[in-house]
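Notes follow once the structure below has been shown.
Numbered from 1 within each chain, the chains take letters A, B, ... in sequence-line order.
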Amino acid sequence: MSSSPTRKRPRSSGDQTDGPTTSSVARLRAASRQTYLRSREAQQLARLGQELQDERALFGEEQLSAREKEDLRRKEERYRLAQARVTLGTEVERNESERYKLPDIDTPLGEERPKTWEDEIARKRYESRPAPGDEMARTDQTEWEALQIKKGKAALEAARGNQLELNTLVGRDGKPLPDVSKLLAASRRSEDGARVHREAEERRRRNMINDRRSLPMFKHREALVDAIKKHQVLVVQSETGSGKTTQIPQYLVEEGFGRIVCTQPRRVAAMSVAARVADEMNVKLGSEVGYSIRFEDCTSDKTVIKYVTDGMLLREFLSQPDLKDYDVIIIDEAHERSMSTDIVMGLVKDIARFRGDDVRVVISSATLNTKKFSNYFDDAPVYTVPGRRFDVDILYTKAPEADYVDACCVTVLQIHAKEPKGDILVFLTGQEEIEAAEEMLKERTRGSGSKIGELIIAPIYATLPSEMQAKIFEPTPEGARKVVLATNIAETSVTIPGIVYVIDPGFCKQNSYNPKTGMESLLVVPVSRAGAKQRSGRAGRTQPGKCFRLYTKWSFLNEMDEDTVPELLRTNLCQVVLLLLSLGIDNLIDFDFLDAPPAEALLRSLEQLYALGALNEEGKLTKVGRRMAELPLDPMMAKALLASEEYGCSEEVIIICAMLSVNNAIFYRPKDKKVIADAARAVFSRGGGGDHMTLLNCFVQWRDYGYSHQWCRENFVQGRTMKRARDIRDQLDGLLDRVEIKRSSVGTGSKVPILKSFTSGFFYNACRLQKNGNYRTMKNPHTIQLHPSSCLARSEIRPRWLIYHELVFTSKEYMRQVFDIEGRWLFEVAPHFYGEEDVEDTSKRKMPKVVGKSGGRS
DNA sequence: GAGCACTGC
C-alpha cells in the first residue's frame, strides 16, 4: 500500500516524547486482538480435547515412550479436571464448601501442629542446603536456576561444538542427566562403578583439556597476557564462544597474577561460569574458584578467581572503596551496558588512577564498538580475538509488514514446510503477543499434522512458571520441529540449544523513565541495530543459520538506532545516587559516567532523597541516608523500613518490601481459570489495606502453611517468586541489626502502623480522588488510573486518598500496588512536604466548586 | 472495567 519504508507498529520510539498518541491502525489491531483473545478463552477447553484426540490418532499408544505416555496421561487428567471445573464454573463462590480444601491445621493450644508432608519437604530443603564451599554447591536455588546452570553448561559446550560434552548433560531421552558429582556419588557404591567412573572422568578431563586448547582465545594466550602486563587497562573485544570469560582469568592465574574478580550481569552466568572454571582447573567450586551473588557467597580465603554479579561488586565498594582485595578486575559483557556495569566502570576508572600500577583492569565486550570503552579509559589499547561462530544468512522483507505477529506465523510455517531441519526462535514483545502467536500457529497447523512434520510450540517469558519454561530445553524429536516464541529473555538470559532459524520482527518492550513526572513507561519500540545483531547471532551457535528480519534493509540502516539506550539513561536514579553519595562522591554532575544521565534525572533524585531526609540542605548524606544506603531496596522502601521501627512493625514491613521487590509476578492467572484465580487472590485482600496488605497476607499464609509448594498451586501463587521473596525477606531481616532497627510486630488485625510506615516512605506518591472518579497526584497534578490488577480497582468504594508504589504508562497512566490512607497521615509523616491545608478534608466545603468545574477538565 | 520487556543488590 505505501511506498514509504516506515513500518506500521503500535508505537514508535518517536511517539514516546509526543505522549500517548496511538495510530488508528494500532488501535484497530489492539481492539481486534482483544476480541480474539476473549473468544479464544472459550475455545481453550475444546482445543485441549481436540489435541488429545489428535495425539491419540497420530501416535498410537505403542509408539510412545514411557515418558510420552506419562505426558499423555497427565494431559488427559488435566482435561478431565478442567471439564469438571467448567461445570462448577461461576458457582465457585457458592460451592466453596464442596471444593477441595487443604487439611485444617488448627490444633489445640500448646500442641505442636502435626507435620504435614509440605512441612517435611520444606524442612528437608532447608536442611539439605550444602554449606558454602561444598563441591558443586547447589545451594538454595530454585529449580529454574538449577536448570539454567545445566543449560549454561550445555550452551557453553554447544558453543564449542563439542557434542560429546553436551550429551553428558542432556540424555537422549531429553531428560537432563544428574550432575557429574551425583553420578560420582552413585557410582562409588560399587568397586566396578568406581573404575567405570574413573575412566569416564579421565576421558572427560582429556576432552576438556583439548577443548581449552582449541578455543580461539588459546592462540592469543601469550600476547594477551603480555598486553595485560604492559597496560593497566585493556579492552578485549571478542564474540561469544571465544572463551574469554572462562580462559582469561585462568591464564592470568597461571602467569602468577594475584586475586582476580570478574563481573557478570546475571546470577546464573556467574554461577555456571565459576562451576565450569573450577572444573577445568580441577578444584572444588568455592575454593580457588568461586562466585559471589546475592543470597549466596561461594568463596573462601583461598579464592583467587571470583565471579560476581556486577550489582554485587557495586555493593562491595561500600565496604572496600578501593577494592584492594583484587589485583585484577575484569568487567565482562560490558557491551550490555547494564546499570551496574556502567557504574562499576565509572568507579573502577577512578580506582585505577588512584591505585596506579597495583591493579589491572580488563574490559571485555562483544561489540565492534569498543572505541567508546577505549576512549573512556584514556585510550586504552583494544585487543581483538576472533570469535567462533557460524555464518548466519540475513534476510529482509521487501516491504514493511503491517501485522508482524501474523507475519511471524506465516514465516514460521514457510520455514517449517521448506527449510531443512532445525529449530526456530521468534522474538516477540510480550506475553500477550506470544499467546496470540501460539494460538495462530496451532490453528494453522491443525489438520496438516501428517503432511508435514509436527510443529512443537514452546513459549518462554520471564513470568511463565518454571515447569512450563522447561519445555524449550527438551530436545526436538526426530521429524518434528520446535518453534520457540520468546521475549527478549532469549536475547541474553536464556540460550536455547538447536536454534537454526531466527525470526526478528524488530520490536521489543522497553522501560523508560520520565524524571519530570516520575512515570515509567513500558512501550513497544524498535530494537537497535546492536539488538538485531544479537538476535540474529542466536541462529549460528551450533551450525550455519538463517535470520528472517521482518523489516526492510532500508529500515535497518536508516530507521534503527545504532545501540540500545543504556539503562542508566532511562531509569529512576534514586538508588544509584544514594549509593554514589554514600561512597563519598558528592559532585554527581561531574562524575565521569561513560554516558552521563540527564542532569534533570540526577536533580530529581537528589530532590527526592532530600524529601526523604537522606540528604541535608547542603546535599550531604545524613545518618538516615547512610542507613538507607545499606539496604538493597529502593530509597522509598528503605525509608518505609526505617520508619517501621517507630511504628513497631518492622517484621511486617520487611515482608511487604520483599514482596514488592519481586516484580508483579506473584499471582499467576491462567487464562482458563481466571475466575478461580481471582477468587483465590481476593481472599488475601480481605480486611482492607490495599495491595500492600494483600501481599503481606499472602506471604504470611504461605509461611503458616510451611512454605508449601502445594499451597502455592492451590492459591494460584507462583512458588518460584515466593521463594525469592522469602530470600529477600531473610536478607532484610539479617540487615536489620546493621541499620539498627529493632524487630517488632503489630500482630494481626492492626494495619494502620504498617500503612503509616509506607506513607513515610511514599508520601511523594500520594493522590486524591476527584469528583469525576479519577485520581490526581498531589505533586505535579496529573490524572492517573488505578491499575486493573490492584485489589482496590474492583472495590465499590473509592478511597479518598491513595498512595501508589509505582506509576507506569502502558496503555494508560496506571498506578500499580496501591493502598488507601487518611489524608491527615500525610501531614503527620511529612510535615515538611505537605501543609495542613493540602490534606484537610475539603469534601464538604469545596465539593460544589469542584463539581461545577469538573466538566471541562481532562 | 481491564493488564505486567529484562536484569541486579
Would you say a side-chain N or O of A/Thr309 is under 4.0 Å from OP1 or OP2 of B/dC9?
yes
Test salt bridge (charged side-chain N to carboxylate O under 4.0 Å, His left out) on A/Arg570 and A/Glu520 and set out the steps.
CA-CA 9 Å; A/Arg570 48 185 172 84; A/Glu520 284 177 40; over 6 Å; no
Please confirm whether the shortest side-chain N or O distance from A/Arg267 to OP1 or OP2 of B/dC9 is below 4.0 Å.
yes
Full working for side-chain hydrogen bond (donor to acceptor under 3.5 Å, both in side chains) between A/Ser364 and A/Asp332
CA-CA 5 Å; A/Ser364 157; A/Asp332 202 3; 2.8 Å; yes
Are A/Ser338 and B/dT7 close enough that a side-chain N or O sits under 4.0 Å from OP1 or OP2?
no
Check: A/Phe507 ring centre within less than 6.0 Å of A/Tyr404 ring centre:
yes
Looking only at the side chains, is there a donor atom on one of A/Arg538 and A/Thr495 sitting less than 3.5 Å from an acceptor on the other?
yes
Would you say B/dC4 has OP1 or OP2 under 4.0 Å from some side-chain N or O of A/Tyr814?
no
A/Lys812 side chain near B/dA2 phosphate (N/O to OP1/OP2, under 4.0 Å)
yes
Is any side-chain N or O of A/Ser811 closer than 4.0 Å to OP1 or OP2 of B/dG3?
yes
Taken to the nearest whole Å, CG/A/Leu578 to P/B/dC9 is 18 Å
Please report the distance, rounded to the nearest Å, between CG in A/Leu523 and P in B/dC6.
15 Å
